[in-house]
Amino acid sequence: PILPRAALWLESAWARYVVLCGQNSLAVFCFGIFLSVSAHSLLLEFGYSIAMQAAVTFGGCLLLMSSARVLSWSKERKDSGAAARNRGGE
């Protein structure tokens, strides 16, 4: 492996979102394609200034990491609901 599983920096709060992006890589990639087209449209409309490029990049990263978190949360809820049904709960 490129990174050891026990790397301490992978335990930090910001790295957690990067790990979630990796765990949901296909969905994040597909959403990234959509965001890329959207970002290009924004830059065409409002200009290619450094500030606008930075805002679009930062916003895109936030949206990608947020989507990874929502996908992970959704999978956790689905898995816990299935486990509860298997036990005879819910």
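For clarity, every value in this text was computed on a predicted model and none was experimentally measured. Numbers here simply count residues along the sequence, with the first being 1.
The heavy-atom pair separating Leu64 from Cys21 by the smallest distance is O-SG, 4.0 Å. Taking both residues in full, the closest heavy atoms of Glu76 and Arg69 are given as OE2-NH1, 4.2 Å, listed atom of the first, atom of the second, then distance. Taking both residues in full, the closest heavy atoms of Ser72 and Leu20 are given as OG-CD2, 3.4 Å, listed atom of the first, atom of the second, then distance. Minimum heavy-atom separation, Ser67 to Phe31: OG-CD2, 3.6 Å. Closest non-hydrogen pair, Leu71 versus Ala27, comes out as CD1-CB, 3.4 Å.
Rounding to the nearest 0.5 Å places CE of Met52 at 12.5 Å from CD1 of Ile50. From Gln23, atom CD reaches atom NZ of Lys75 across 8.0 Å, with rounding to the nearest 0.5 Å.
Between the Thr57 side chain and the Gln53 main chain, a donor and an acceptor come within less than 3.5 Å of each other. Judged purely by atom type and a 3.5 angstrom limit, Ser36 has no side-chain atom pairing as donor or acceptor with the backbone of Gly32. The closest donor-acceptor contact from the side chain of Ser41 to the backbone of Val37 lies under 3.5 Å.
Taking hydrophobic clusters as Ile, Leu, Val, Met, Phe, Trp and Tyr residues chained together by side-chain heavy-atom distances below 4.5 Å, Val19 shares a cluster with Trp14. Placement of Leu35 and Val28 within a single hydrophobic cluster is found when ILVMFWY residues are connected by side-chain heavy-atom separations under 4.5 Å, directly or transitively. Hydrophobic clustering, with ILVMFWY side chains joined whenever heavy atoms are under 4.5 angstrom apart, groups Val18 together with Leu10. There is no path of hydrophobic side-chain contacts, each under 4.5 Å, that joins Phe58 to Leu63.
For Leu44, the CG atom counts as densely surrounded, since its 6.0 Å shell holds more than 12 non-hydrogen atoms of other residues, nucleotides or ligands. Atom OH of Tyr48 sits in a crowded spot, with more than 12 heavy atoms from other residues, nucleotides or ligands closer than 6.0 Å.
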